[in-house]
Amino acid sequence: MLAKIENLRRIVNRGLIAVVRAPGIESALAAAEALRTGGIDIIEITLTVPGALEVIKALTQKYRPAEVLVGAGTILDPETARLAVLAGAEFIVSPHLDERIVRLAHRYQKVCLPGAMTVTEVIAALEAGADIVKFFPGEGMGPKAVKAILGPLPYAPICPTGGVSLDNVADWFAAGVVAVGVGSELTREAMATGDYSLAAAAARRFAEKVKAVRGN
């Protein structure tokens, strides 16, 4: 229980989750290592990565959660969630709300971020026990939508994924989010060129920007 509380606090304190989508195990591991080098120590491996569970297992065997907090993303059902937990994932992220996934995450005391997009969906996620609500897809709505949702729901912890960039990350936090999830903005150039130092540099820029925006 204490570990989960500390992990949740860490996500909120850092305010930045790196989302890794890659064509295979080697590229996913290379991207994760580069992001860690660049200063992001909360990394979500999406289950769209072929061999994603192997990536999660490799990272969690190499790093303690205090060094790199590894989570699993694009979790669509409780069966996959349990496999991710067994592989070592400390947080579970879904693009949608499935109460069975939330219950499983709570059973194993893992942080759970189910997806939602509307006021009704956010309320449903909170009632189901979401630790943080993933606002997805972020590019479809934008910071103004989050600000509008937080009008009647000022207590909702929201983390957008999709559509978060260096240019607008300040707008997201100004709207009231507790963290942001960033994927292709960090890894696009590295994946295209094979030069993962580009991902490290992008991670460094994002981490510094988030700290500056949040004043910490």
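Values below: every heavy atom of this structure, side chains too, minus hydrogens, waters and symmetry copies. Sequence positions, counted from 1, serve as the residue numbers for this chain.
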4.5 Å side-chain heavy-atom contact, Val169 and Val182
no
Close side-chain approach of Pro23 to Met191, heavy-atom, < 4.5 Å:
yes
Taking all atoms of both residues into account, what is the closest heavy-atom pair of Ala84 and Leu53, and its distance?
CA-CD2, 3.7 Å
To the nearest 0.5 Å, tell me how far Leu16 CG sits from Ile40 CD1.
4.0 Å
Is Thr60 reaching over with its side chain to a backbone N or O of Ala87, donor-acceptor style, under 3.5 angstrom?
yes
Any heavy-atom pair between the side chains of Phe135 and Val177 that's under 4.5 Å?
no
Surrounding NZ of Lys147 (heavy atoms of other residues, nucleotides or ligands, distance under 6.0 Å), is the total greater than 12?
no
So, applying side-chain contact (heavy atoms from CB on, under 4.5 Å) with Phe173, which one of Val210, Val146, Val178 is it?
Val210
Membership question, hydrophobic clusters at under 4.5 Å side-chain separation (ILVMFWY): are Leu97 and Leu104 in the same one?
no
Given side chain to side chain contact (heavy atoms under 4.5 Å, CB included), test Arg10 with Ile42 step by step and report yes or no.
CA-CA 9 Å; Arg10 181 167 162 195; Ile42 303 175; 4.1 Å; yes
For Asn7 and Phe91, indicate whether the former's side chain and the latter's backbone hold a donor-acceptor pair under 3.5 Å.
no
Sorted by chain and number, sequence neighbours left out, salt bridge (charged side-chain N to carboxylate O under 4.0 Å, His left out) with Glu67 holds for Arg64
Quick check on the hydrophobic clustering: are Leu113 and Leu69 connected, directly or via other members, by side-chain heavy-atom contacts under 4.5 Å?
yes
Applying a strict under-4.5 Å side-chain criterion to I, L, V, M, F, W and Y, I'd like to know whether Leu29 and Tyr196 cluster together.
no
Determine whether more than 12 heavy atoms belonging to other residues, nucleotides or ligands lie under 6.0 Å from atom CD of Glu33.
yes
Is the backbone N or O of Ala179 less than 3.5 Å from a side-chain atom of Arg14, with the two atoms forming a donor-acceptor pair by type?
no
Say you draw a straight line from CD1 of Ile11 to CD of Glu90; how long is it, rounded to the nearest 0.5 Å?
9.5 Å
Straight-line distance of Asp41 CG to Leu35 CG, nearest 0.5 Å:
11.0 Å
Mind listing the closest non-hydrogen atom pair of Ala22 and Val49 along with its distance?
N-CG2, 3.5 Å
According to a 4.5 Å side-chain heavy-atom criterion applied to Ile, Leu, Val, Met, Phe, Trp and Tyr, with indirect links allowed, do Leu86 and Ile56 form part of one hydrophobic cluster?
no
Looking at Ile149 and Pro152, what are the two nearest heavy atoms and their distance?
O-CD, 3.1 Å
Give, for atom CD of Glu44 and atom CZ of Arg21, the distance between the pair rounded to the nearest 0.5 Å.
7.0 Å
Is any NZ, NE, NH1 or NH2 atom of the basic residue among Glu208 and Arg205 found under 4.0 Å from an Asp or Glu carboxylate oxygen of the other?
no
Using side-chain heavy atoms (C-beta onward) and a distance below 4.5 Å, is Val85 in contact with Arg107?
no
Do Glu6 and Arg9 have side chains that get closer than 4.5 Å, going by heavy atoms?
yes
If you count every heavy atom of other residues, nucleotides or ligands that lies below 6.0 Å from Arg204 atom CZ, does the total exceed 12?
yes
Exercise: identify the closest heavy-atom pair between Val55 and Ala28:
CG2-CB, 3.9 Å
Quick check on the hydrophobic clustering: are Val68 and Phe206 connected, directly or via other members, by side-chain heavy-atom contacts under 4.5 Å?
yes
Measuring from Cys112:SG to Leu8:CG, what's the distance to the nearest 0.5 Å?
11.0 Å
Knowing that exactly one of Thr80, Ile92, Leu76 qualifies, which makes a side-chain contact (heavy atoms from CB on, under 4.5 Å) with Ile101?
Ile92
For residues 115-123, dump all side-chain donor-acceptor pairs below 3.5 Å to protein atoms at least two apart in sequence or in another chain.
unit_1	atom_1	unit_2	atom_2	d
Thr118	OG1	Glu121	N	3.1
Glu121	OE1	Met117	N	2.7
Glu121	OE1	Thr118	N	3.4

Is it true that atom CD of Glu139 has more than 12 heavy atoms of other residues, nucleotides or ligands lying nearer than 6.0 Å?
yes
Side chains of Ser94 and Phe136: does their closest heavy-atom pair fall under 4.5 Å?
no
Is there side-chain contact between His106 and Val102, with at least one heavy-atom pair below 4.5 Å?
yes
Point-to-point distance, once rounded to the nearest 0.5 Å, from CD of Glu189 to OG of Ser197:
10.0 Å
For Ile25 and Glu54, which heavy atoms make the closest approach, and how far apart are they?
CD1-OE1, 3.4 Å
Looking at Asp98 and Pro78, what are the two nearest heavy atoms and their distance?
OD2-CD, 4.2 Å
